[in-house]
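What follows is a set of notes on a single structure, which appears directly below.
Numbering starts at 1 and runs along the sequence shown.
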Amino acid sequence: MGFTKEDIKRIAQEQNVRFIRLQFTDLLGTIKNVEIPVSQLEKALDNKMMFDGSSIEGYVRIEESDMYLYPDLDTWVVFPWVTQDRVARLICDIYMPDGTPFAGDPRGILKRVLKEAEELGYSAMNVGPEPEFFLFKTDDRGEPTTELNDQGGYFDLAPMDMGENCRREIVLTLEEMGFEIEASHHEVAPGQHEIDFKYADAVKAADQIQTFKLVVKTIAREHGLHASFMPKPLFGVNGSGMHCHQSLFQGDSNVFYDEKDKLGLSATARHYMAGILRHARAMAAVTNPTVNSYKRLVPGYEAPCYVAWSASNRSPMIRIPASRGLSTRVEVRNPDPAANPYLALAVMLKAGLDGIANKLPLPSPTDRNIYIMSEEERQDAGIPSLPLDLKEALDEMLRSDVVCEALGDHALAHFYELKEIEWDMYRTQVHQWERDQYLTLY
C-alpha cells in the first residue's frame with residue numbers, strides 16, 4: 001500500500017488509535033507482539049523500540065537479549081473489531097543492537113532466501129496459500145471443546161453448514177483489512193472450513209497467513225467458537241492442510257509458463273519441482289512441524305503421503321492446477337497450517353532454487369491414484385513416502401545441506417532443539433489409546 005510515516009501518524013489520529021501492536025513471529029510460528037501506546041508511535045517508526053529477545057522461543061540467550069523492532073510500514077492496519085480505543089498493527093523485522101538483521105528472525109530468513117532468488121534473476125516468488133481450519137464449540141467458561149459446530153461437508157450450505165455466519169464475518173473482516181478474498185466454503189470434514197485469498201509476493205503472503213490466523217481466531221471467539229489450525233484434531237476425518245501455490249517471476253513474466261510445452265510448463269518450472277521433490281523429506285520437519293502433523297499425512301484422507309507430482313491427480317504431493325499463462329503455478333500440498341509460514345516458504349524456495357541451479361531432472365508424473373498402489377508398485381515407480389513421524393523428519397532435515405542452509409545455523413540449532421523436546425515429550429507420554437488397548441489386556 002506504500003504507507004509513509006506521516007500517513008500512519010495521520011490515520012492513527014483520525015481513527016482514534018490508542019495502542020499499536022508491534023508484531024513478529026517466533027521460530028515455532030507463534031505470533032508475538034509488543035503493545036505500545038500511541039504516544040510511542042514516533043519512536044517505533046524510527047526503529048527505536050527495544051524488547052527482550054531472551055523471552056522468545058528460539059531467539060537468544062539472556063546475556064544477549066536486547067533486540068530492536070523495525071516496523072514494515074506497508075503492514076500498517078487498524079483492527080476493525082475494536083471500535084473504541086482502537087488498536088493498530090505493524091509487522092516487524094528483528095534487528096540486533098549493531099544494526100544487523102537477527103539471524104533467527106523467520107521473516108528475515110525468508111527475505112534472505114528471496115535475495116538469493118533475486119541474485120539468480122527472479123524478481124518475485126508469488127504464493128497463494130490455502131490454510132484450512134476447524135470450528136469447535138466452547139464450554140460455559142469459554143474453553144474449547146472437541147464438539148463440532150456443524151455436520152456439513154464439502155461445499156455444503158446452511159443449515160448443514162452452521163459455521164456460515166462466522167465464516168462470512170471472517171471474510172468481511174479480512175476484506176476490511178485489505179485482503180482480496182477469492183472464495184470461502186465448507187471443507188470435507190464436519191466443522192472444517194477454507195477461505196482462499198489472492199496470491200501475493202512471498203513475504204506478504206506469509207504476513208497474510210499470520211494475520212489470517214489472528215482474524216479467524218478473533219471472530220470465531222466472538223461467535224462463541226474456537227478456531228483451530230491443528231493439522232489433525234479429530235481421528236477418522238480429513239485433517240487441515242495449507243496448500244501453497246507458488247511461481248517465480250522475472251519482472252512481469254511468469255517463468256514457470258512455456259506455451260510450447262505440452263503441459264505449459266517451462267524447463268525452469270520442471271527443475272523447480274524436481275528440487276521440491278528431491279528435498280521433500282528433509283523439508284517436512286518445517287512444512288509439517290508437529291507430532292500431530294503426521295497423523296494427517298496418512299492414506300485415505302486426501303492428504304499427500306507420497307513424494308510425486310501430477311497435472312491431473314490430487315493424490316501426489318505436487319499438483320499442477322489447470323490455469324496457464326500468468327497463472328501457471330506449482331501447488332505443493334503437504335504443508336499444514338501449524339507450519340511457520342516464513343520458514344516453510346523459505347525452505348520450499350531454497351529447494352526449488354537448488355533444482356533450478358543444478359538442473360535436476362523431473363521424474364515422470366504419477367497419474368494413477370497412489371493410495372491404491374501397493375508398496376511394491378510405488379517402489380518400482382520410484383515414489384518415496386514422506387516421513388512417518390516428526391523424529392524421522394528431523395533426522396532427514398539434518399542430513400540436507402539445502403534445508404540447513406535455508407534456515408541458517410542459528411535457526412536450525414534452536415528449531416531442532418525445540419522439536420526434539422516436543423518429540424521426547426510425546427514419546428515418553430502415556431496416551432489414552434494405550435490405556436484403552438493394554439490396561440485390561442495385560
For [X] and [Y], which heavy atoms make the closest approach, and how far apart are they?
{"X": "Pro304", "Y": "Leu386", "value": "O-CD1, 3.5 Å"}
{"X": "Pro131", "Y": "Phe229", "value": "CB-CE2, 4.4 Å"}
{"X": "Gly191", "Y": "Leu148", "value": "CA-CD2, 4.0 Å"}
{"X": "Asn334", "Y": "Asn288", "value": "O-ND2, 2.6 Å"}
{"X": "Leu343", "Y": "Leu27", "value": "CD1-O, 3.7 Å"}
{"X": "Leu135", "Y": "Ala220", "value": "CD2-CB, 3.9 Å"}

Write out all pairs satisfying ring-ring contact (aromatic ring centres under 6.0 Å, His included) with one or both partners inside residues 264-296, taking only residues at least two apart or from two chains.
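Matches after skipping sequence neighbours: Phe256-Tyr272.
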Side chains of [X] and [Y] in contact at under 4.5 Å (non-hydrogen atoms):
{"X": "Glu396", "Y": "Val403", "value": "no"}
{"X": "Asp395", "Y": "Arg399", "value": "yes"}
{"X": "Arg112", "Y": "Lys115", "value": "no"}
{"X": "Lys295", "Y": "Pro231", "value": "no"}
{"X": "Arg221", "Y": "Thr218", "value": "yes"}
{"X": "Met67", "Y": "Asp105", "value": "no"}
{"X": "Asp7", "Y": "Thr4", "value": "yes"}
{"X": "Thr25", "Y": "Thr30", "value": "no"}

Hey, could you give me the [atom1]/[atom2] distance between [X] and [Y], rounded to the nearest 0.5 Å?
{"X": "Asp26", "Y": "His414", "atom1": "CG", "atom2": "NE2", "result": "12.0 Å"}
{"X": "Leu114", "Y": "Leu349", "atom1": "CG", "atom2": "CG", "result": "5.5 Å"}
{"X": "Tyr199", "Y": "Glu182", "atom1": "OH", "atom2": "CD", "result": "8.5 Å"}
{"X": "Leu110", "Y": "Leu345", "atom1": "CG", "atom2": "CG", "result": "6.0 Å"}
{"X": "Ile219", "Y": "Arg167", "atom1": "CD1", "atom2": "CZ", "result": "14.5 Å"}
{"X": "Ile383", "Y": "Thr366", "atom1": "CD1", "atom2": "OG1", "result": "3.5 Å"}

Check the orientation of [X] and [Y]. Use parallel for under 30°, tilted for 30 to 60°, and perpendicular for over 60°.
{"X": "Phe179", "Y": "Phe197", "result": "perpendicular"}
{"X": "Phe51", "Y": "Phe24", "result": "tilted"}
{"X": "Phe136", "Y": "Phe134", "result": "parallel"}

Side-chain donor or acceptor of [X] paired with backbone N/O of [Y] under 3.5 Å:
{"X": "Arg89", "Y": "Thr75", "answer": "yes"}
{"X": "Lys217", "Y": "Ala227", "answer": "yes"}
{"X": "Trp309", "Y": "Pro363", "answer": "yes"}
{"X": "Asp201", "Y": "Met125", "answer": "no"}
{"X": "Ser293", "Y": "Thr290", "answer": "yes"}
{"X": "Lys9", "Y": "Leu41", "answer": "no"}
{"X": "Ser310", "Y": "Pro316", "answer": "no"}
{"X": "Asn47", "Y": "Tyr70", "answer": "no"}
{"X": "Arg324", "Y": "Asp258", "answer": "no"}
{"X": "Asn33", "Y": "Arg21", "answer": "no"}

What's the verdict on side chain to side chain contact (heavy atoms under 4.5 Å, CB included) for Glu130 and His245, showing C-alpha distance, side-chain angles and the deciding distance?
CA-CA 8 Å; Glu130 297 178 346; His245 298 250; 3.0 Å; yes
Does Phe79 have more than 12 heavy atoms from other residues, nucleotides or ligands lying within 6.0 Å of its CZ?
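Enclosed.
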Atom CD of residue position Gln13 - does it have more than 12 heavy atoms of other residues, nucleotides or ligands inside 6.0 Å?
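Open.
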Salt bridge or not between [X] and [Y]? Use side-chain N to carboxylate O under 4.0 Å.
{"X": "Arg319", "Y": "Glu331", "value": "yes"}
{"X": "Lys232", "Y": "Asp336", "value": "no"}
{"X": "Glu392", "Y": "Arg281", "value": "yes"}
{"X": "Asp354", "Y": "Lys350", "value": "no"}

Check against side chain to side chain contact (heavy atoms under 4.5 Å, CB included), Gln192 and Phe133
CA-CA 6 Å; Gln192 188 183 32; Phe133 59 95; over 6 Å; no
With sequence neighbours left out, what residues match [X] under salt bridge (Lys or Arg N to Asp or Glu O under 4.0 Å)?
{"X": "Asp85", "value": "Arg18"}
{"X": "Glu14", "value": "Arg10"}
{"X": "Glu169", "value": "none"}
{"X": "Arg270", "value": "Asp261"}

Check: [X]/[Y] side-chain N/O donor and acceptor closer than 3.5 Å:
{"X": "Tyr416", "Y": "Glu420", "result": "yes"}
{"X": "Glu132", "Y": "His243", "result": "no"}
{"X": "Thr100", "Y": "Asp98", "result": "yes"}

Please evaluate residues Arg107 and Asp207 with respect to the criterion salt bridge (Lys or Arg N to Asp or Glu O under 4.0 Å), reporting the C-alpha separation (whole Å), side-chain torsions for both, the decisive distance (0.1 Å), and the verdict.
CA-CA 9 Å; Arg107 199 170 191 260; Asp207 289 344; 2.7 Å; yes
For Asp424, what residues pass the side chain to side chain donor-acceptor pair (under 3.5 Å) criterion, not counting sequence neighbours?
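Checked Asp424 against side chain to side chain donor-acceptor pair (under 3.5 Å); matches are Arg427.
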Should Arg296 and Ser240 be marked as a side chain to side chain contact (heavy atoms under 4.5 Å, CB included) after you check the CA-CA gap, both sets of side-chain angles, and the distance that decides it?
CA-CA 8 Å; Arg296 167 181 167 255; Ser240 291; 5.8 Å; no
Stepwise side chain to side chain contact (heavy atoms under 4.5 Å, CB included) check, Phe249 with Asn126
CA-CA 8 Å; Phe249 273 68; Asn126 282 345; 3.4 Å; yes
